[in-house]
Amino acid sequence: MFSDEIEGRVTRITFFNPSNNYTIAKIRTSNDKQVTIVGNLPALNEGESLKVRGYWKTHEKFGEQFMIESFEFFNPDTLEEIEEYLASGNFEGIKKSLAKKIVKKFGENTLDILDHDITRLNEVSRISKDKIEIIKNSWNDQREFRKAIIFLQNLGLNSNLAVKIFSLYKKDTEAIINSNPYRLLEDFPGFTFNLADQLAGQLGFTSVSRQRLEAGIIYTLRRLSDEGHTFYPSHLFTSECMRFLSTDYDTLDNALCDLKAQGLISEESSIDELTGEYSSAVFLSEFYYAEISIRNKLRTLLDSDNGFSDSVLKDLSLYLENDDQIILAEAQKEAIKAAFKNKVVVITGGPGTGKTTIIKSILFLTQRMKKKAVLAAPTGRAAKRMSEATNHEAKTIHRLLEYVPTDRIFSKGEDDPLEADFVIVDECSMIDTLLLKSLLDAIPHGASLVMVGDSNQLPSVGAGNVLKDIIDSETVPVIALTEIFRQSKESMIVLNAHRINNGNLPLLSNNEYLDFQFLQLPNSEDVLGKIIELCCSELPDNFGFNPLSDIQVLSPMHKGVTGVTNLNVELQKALNGSDQEIKFADKTFKIGDKVMQNRNNYQKEIFNGDIGQVYLIDNKKKTLTANFDGRLVNYDYPELDELMLAYAISVHKSQGSEYPVVIMPIIKEHFRLLQRNLLYTGITRSRKMVILIGTAEMLSYSIRNNRAVKRYTYLKERLMGL
């Protein structure tokens, strides 16, 4: 229910952003009051009449404003208003002089004639057939738009979402929604099944309609893929869908058969070799075929001639041994040889085991051999780290494959492969199934793939567990690095990371000058207070660390006193006293805030996980500018949902990044998510200092809990069938 409703005529458009229809305008109400309205109002022009629903808000600088949640246009009443409406610039071909002639000719019937018999414009003097056609098309476009917006708003959708839907479906909006409202689930990420159900109910769809059942099955599989699964066991999936859709087995089975016939889902059956039991798995077809494609591509690589003889490999070893800049352990030499001997190799190991040195050595040798090597990583932060460590350009996998965001496809693939002899990819634990499939598609014939990563870190955010599955299949050459090098042995961070990974408690000391500290505090409020104290005074004053650029707080959860959300609110209060701010939904951004991009934006060339600082806020234009490593990136108001405060971030969001200092709460309120690989991942993000804060009980529990959340994937089994 909206809190208020006003109507009036637009007297002035103060601001309009055509990319998102964000509008600030003045309207004059029937009681002659001038009101400022703010919201998404497409195709609005001065002189138009409209009714808006929403709520009042007082802006500290611009005073009282009416925030729009819904709107509808209505036709002007008087001849003067009709003339002004036609001359507003909203209709191509109609200028002020022609608007005057049209209204003079047709009077009060003007709008009705334009709606139903627009060819009568030929009765107006000095107007050509070509111009009538232009006016007709423009008028019809506007009519279709307004008709669609009214239709969608009558279904209860807000104006912003209604505009997005019309922008995709155009004149077919009403027909598409009427025939299948569940299509919105596929076309608009974030659209919920409950909302689609509400629309469907208003349009007469039943709970057992074909559209609902099929959409519910796909929606459930997508939700499970968001949890990391590429498939789900049939018996569990059936139970899940019957509960979710409130339907019986036979009805659900019929819908499953229809989806299989359409090729949207796939089912695979097998017999467990240990138990002899028959099992079946349900896949979204994109994951089913992606796993098969990965298996086939790896098979092709493994079967390829390596092109490097034993004598060449021996020469490579001599090059490395004679180079004073590179000192290698035996395991590192074996990894380098494996990279040249095999067309695909996995190099895995924890911190301090020399993975970066191996990458640099491979680059050194490819340059001597006049071979082209390209470097890539899953995220922008990881690619930047790779570039800095190797002094060689590294790209995100998406940039390497030339992703086209408008079409959601990669330019590079089987038909247009990469120009490279070696493709070296770091942080491979972060690569999901669909991304690996796309990467393998683009590997040219005869090239080598070197996959580098730490299989003990958290798996990818996307579906799959590809690095671990490849290693566990024992079908691809794997070099596991275990030796910690001298300089790393001096780091308590590295030593304790390995201890934790092996299931042992870290070596602890309260000596404030050690790089690994554990501060025991009993409850969430005490932990929160200590985190603020560390960030604001102790670490800056005692060690010179900058709270924004050097210190990163990591939390296992988003909710709770020491969850990401509340930590950001409290740290913003403590660290940023700026009064220049902009509010978006439940977030407040201030100049100087530490912020993170939370999704890939290829147009802006800014990527999920990139951290920057708010540089400029323009409340009049409703824009924000952030500084990402010296590059200024502008955000229009609706784009602010791509930003989040980053004084604290989740451990998952930290993957692929490194920070001088990591502070991490380990307390009972995080009990549900505390596990060994999460703790290990958080610790290994730090270069200089780790501070864990919480209880010994929860630290011990985290290390003992090595039961990683089960991900249903079938890649390992497919590879074992090579």
Side-chain angles (χ1 to χ4, degrees), residues 225 228-233 266 268-277 279-281 283-284 286-304 306 331 334-335 337-339 341-350 353 355 358 378 397 423-443 447-482 501 677 706-722:
S225 73
H229 308 295
T230 60
F231 78 87
Y232 216 60
S266 301
E268 184 157 340
S269 302
S270 63
I271 296 177
D272 191 302
E273 293 181 1
L274 294 177
T275 65
E277 294 180 356
S279 62
S280 179
F283 296 77
L284 279 171
E286 61 189 297
F287 294 112
Y288 175 78
Y289 290 112
E291 286 188 346
I292 292 173
S293 177
I294 291 170
R295 178 199 64 191
N296 293 341
K297 296 289 183 181
L298 289 176
R299 173 188 290 164
T300 300
L301 285 169
L302 291 166
D303 290 344
S304 299
N306 60 59
E334 288 303 312
K337 288 178 183 177
K341 186 176 181 180
N342 304 281
K343 288 300 182 183
V344 57
V345 65
V346 172
I347 300 170
T348 183
T353 56
K355 298 189 295 294
I358 291 170
I397 296 174
V423 178
I424 306 171
V425 187
D426 199 7
E427 296 286 357
C428 284
S429 63
M430 300 175 66
I431 300 178
D432 61 45
T433 301
L434 297 181
L435 187 56
L436 180 60
K437 186 265 181 192
S438 296
L439 175 64
L440 290 171
D441 281 347
I443 302 291
S448 297
L449 173 65
V450 181
M451 301 179 68
V452 183
D454 185 346
S455 60
N456 292 306
Q457 289 190 26
L458 291 169
S460 58
V461 174
N465 202 356
V466 295
L467 182 63
K468 189 172 187 304
D469 282 348
I470 289 172
I471 293 171
D472 290 349
S473 73
E474 299 182 354
T475 56
V476 172
V478 176
I479 306 298
L481 306 171
T482 57
N501 190 45
N677 64 352
N706 198 31
R707 298 185 303 276
V709 177
K710 170 68 176 174
R711 286 193 172 197
Y712 290 106
T713 69
Y714 211 63
L715 181 60
K716 172 186 169 182
E717 288 74 14
R718 296 191 198 285
L719 291 171
M720 290 173 69
L722 287 178

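The first residue of the sequence shown is numbered 1, and numbering continues consecutively from there.
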remark   = In terms of heavy-atom contacts, Thr353 and Leu481 come closest through O-CD1, 3.6 Å
query = Any donor-acceptor pair under 3.5 Å linking the side chain of Thr230 with the backbone of Ala463?
reply = no
ask   = Rounded to the nearest 0.5 Å, what separation is found between the NZ atom of Lys437 and the CG atom of Asn296?
value = 11.0 Å
request  = Before giving the answer on side chain to side chain contact (heavy atoms under 4.5 Å, CB included), spell out for Val450 and Ile358 the whole-Å C-alpha distance, their side-chain angles and the decisive distance to 0.1 Å.
outcome  = CA-CA 11 Å; Val450 181; Ile358 291 170; over 6 Å; no
key: Spacing of Phe283 atom CZ and Tyr289 atom OH [to the nearest 0.5 Å]   = 11.0 Å
Glu268 vs Glu717, side chain to side chain contact (heavy atoms under 4.5 Å, CB included): CA-CA, chis, key distance, verdict = CA-CA 12 Å; Glu268 184 157 340; Glu717 288 74 14; over 6 Å; no
key: Expected output: side-chain Lys355 to main-chain Gly349 donor-acceptor under 3.5 Å   = yes
query = Does the side chain of Val344 reach to within under 4.5 Å of the side chain of Ser304, using non-hydrogen atoms?
reply = no
inquiry  = Consider side-chain contact (heavy atoms from CB on, under 4.5 Å). Of Asn465, Asp432, Leu436, Leu434, which one does Ser460 pass it with?
reply    = Asp432
query = Given the rule in the side chain to side chain contact (heavy atoms under 4.5 Å, CB included) test, do Thr713 and Glu291 qualify, once you have shown the distances and angles that lead to the verdict?
reply = CA-CA 9 Å; Thr713 69; Glu291 286 188 346; 4.0 Å; yes
request  = Supply the atom-to-atom distance Arg295 CZ to Thr475 OG1, rounded to the nearest 0.5 angstrom.
outcome  = 11.0 Å
message = Using only atom types and a distance under 3.5 Å, with no angle test, would you say the side chain of Thr348 pairs donor to acceptor with the backbone of Gly453?
response = yes
request  = Hey, could you give me the CG/CE distance between Leu467 and Met430, rounded to the nearest 0.5 Å?
outcome  = 12.0 Å
remark   = Ile471 and Ser455 have their tightest heavy-atom pair at CD1-CB, 3.7 Å
key: All pairs passing salt bridge (charged side-chain N to carboxylate O under 4.0 Å, His left out) where residues 449-471 contributes a residue, at least two apart   = Lys468-Asp472
task = Nearest 0.5 Å please: distance from the NE2 atom of His229 over to the OG1 atom of Thr433.
result = 12.0 Å
inquiry  = Show the nearest heavy-atom pair for residues Asn456 and Asn677, with the distance to one decimal.
reply    = O-CB, 3.3 Å
ask   = Taking the side chain from Arg711 and the backbone from Gly464, do they hold a donor-acceptor pair closer than 3.5 Å?
value = yes
query = Closest approach of Ser269 and Ser280, non-hydrogen atoms and distance?
reply = OG-OG, 3.8 Å
ask   = Do you know which two heavy atoms are closest between Asp441 and Ser293, and how far apart they sit?
value = OD1-OG, 3.8 Å
task = Can you measure from CE (Met451) to CG (Asp426) and round to the nearest 0.5 angstrom?
result = 11.0 Å
ask   = Does Leu440 reach the side chain of Leu301, with side-chain heavy atoms less than 4.5 Å apart?
value = yes
ask   = Can you find a pair of side-chain heavy atoms, one from Glu427 and one from Gln457, that are under 4.5 Å apart?
value = yes
